[in-house]
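Notes to accompany the following structure.
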Amino acid sequence: MSNLMTFADRVQSVLHDTSRMPHWTPEEARLYMADYRLRRRRFQELAHRLNRTIINPRLETVASYFANSSMHQVPPTDNRSSCWFEFCERFPAVTQIDFAVEHDVAFKNVIIQTQTRMMPAFLRFNEQDKLSLPLDSVHDRQVANWVEERLLEFLDTYLRIDGGGDPLGED
């Protein structure tokens, strides 16, 4: 392990290396950034649409069966959907399921992630999962199927802590 002075010398050496050639020509950089902006715009439109038309409606459908649930409102620019299930006698845990539509660093891939939290955690469950697709190959049916499978897995887990009571969906 080097000391701080040795590290500072190494940083200075890298910074003063005058033999480095530019990675891109100005024209290459301009073209890359134009393409980058286009991919970013396409991602933003896609993420917003997936949340609005696929993820949120399915999450709201699940939430509608539970009196202790509430959709967490997030700004549309966050590309997130979240539902909370409050602690109650029938379901004695605070539970949350989140979906997020994200991207890789170059805006070439769309990454749909889900995360489930349950406190206290009474049982083992799949806490997180993700689906990664090329930006140009995102199909609504594929995303819908994946989201539905994650929500059904969540329901299977959540219903295992069911303490019993009135049939669901009757409130």
Quick one: [atom1] on [X] to [atom2] on [Y], what's the gap to the nearest 0.5 Å?
X: Asp98; Y: Ser82; atom1: CG; atom2: OG; answer: 3.5 Å
X: Phe66; Y: Arg90; atom1: CZ; atom2: CZ; answer: 8.0 Å
X: Thr25; Y: Arg30; atom1: OG1; atom2: CZ; answer: 10.0 Å

Taking side chain as C-beta onward, heavy atoms only, is [X] less than 4.5 Å from [Y]?
X: Thr116; Y: Asn126; value: no
X: Ile55; Y: Ile112; value: yes
X: Arg40; Y: Phe43; value: no
X: Leu155; Y: Leu151; value: no
X: Val11; Y: Leu15; value: yes
X: Phe125; Y: Glu127; value: yes

According to a hydrophobic-cluster definition based on side-chain heavy atoms being under 4.5 Å apart (Ile, Leu, Val, Met, Phe, Trp, Tyr only), do [X] and [Y] belong together?
X: Ile111; Y: Val138; result: no
X: Val62; Y: Met71; result: yes
X: Ile161; Y: Leu152; result: yes
X: Phe87; Y: Met118; result: no

Notebook entry, point to check: Only one of Glu102, Lys130, Arg150 clears side-chain hydrogen bond (donor to acceptor under 3.5 Å, both in side chains) with Gln113; which?
Noted result: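 The residue from Glu102, Lys130, Arg150 that satisfies side-chain hydrogen bond (donor to acceptor under 3.5 Å, both in side chains) with Gln113 turns out to be Glu102.
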
When you measure from the side chain of [X] to the backbone N and O of [Y], does any donor-acceptor pair fall under 3.5 Å?
X: Thr157; Y: Glu153; answer: yes
X: Glu149; Y: Trp146; answer: no
X: Ser13; Y: Asp9; answer: no
X: Asn51; Y: Asn79; answer: yes
X: His48; Y: Gln44; answer: no
X: Asp78; Y: Arg80; answer: no
X: Ser137; Y: Pro134; answer: no

So, [X] and [Y]: side-chain donor and acceptor under 3.5 Å apart, yes or no?
X: Asn109; Y: Ser132; result: no
X: Glu86; Y: Ser70; result: no
X: Thr6; Y: Asn3; result: yes
X: Gln115; Y: Arg117; result: yes

Specify the closest pair of heavy atoms between [X] and [Y], including all atoms of both residues, with the distance to one decimal.
X: Ser69; Y: Ala63; value: OG-O, 2.7 Å
X: Thr61; Y: Ser64; value: O-OG, 2.6 Å
X: Ala144; Y: Ile54; value: CA-CG2, 3.7 Å

Checklist line | From CA spacing to verdict: ring-ring contact (aromatic ring centres under 6.0 Å, His included), Phe154, Phe85 | finding: CA-CA 12 Å; Phe154 166 79; Phe85 296 79; 5.2 Å; yes

Margin query: Restricting to side chain to side chain contact (heavy atoms under 4.5 Å, CB included), what partner residues turn up for Arg49, sequence neighbours left out?
Written below: Leu46, Arg52, Thr53, Asp140

Next item on the list: Describe, in one word, how the ring planes of Trp24 and Tyr32 are oriented to each other, choosing from parallel (under 30°), tilted (30 to 60°) and perpendicular (over 60°).
Entry: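 Geometry flag for Tyr32 against Trp24: tilted rings.
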
Notebook entry, point to check: With under 30° as parallel and over 60° as perpendicular, where do the rings of His72 and Trp84 fit, or are they tilted in between?
Noted result: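 If you compare the ring of His72 with that of Trp84, the planes turn out perpendicular.
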
Note to self: So for atom CZ, which belongs to Arg124, do other residues, nucleotides or ligands contribute more than 12 heavy atoms lying within a distance under 6.0 Å?
What the structure shows: no

Margin query: Surrounding CD of Glu89 (heavy atoms of other residues, nucleotides or ligands, distance under 6.0 Å), is the total greater than 12?
Written below: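 No, the 6.0 Å shell around CD holds no more than 12 heavy atoms from other groups.
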
Notebook entry, point to check: Do Arg58 and Glu148 meet the salt-bridge criterion of a basic N to acidic O distance under 4.0 Å?
Noted result: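 Yes, this pair counts.
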
Check: Could you walk me through whether Tyr158 and Phe91 pass the ring-ring contact (aromatic ring centres under 6.0 Å, His included) check?
Finding: CA-CA 8 Å; Tyr158 193 63; Phe91 297 98; 4.5 Å; yes

Next item on the list: Please lay out, stage by stage, how Phe99 and Ile97 fare under the test side-chain contact (heavy atoms from CB on, under 4.5 Å).
Entry: CA-CA 7 Å; Phe99 286 89; Ile97 183 166; 4.0 Å; yes

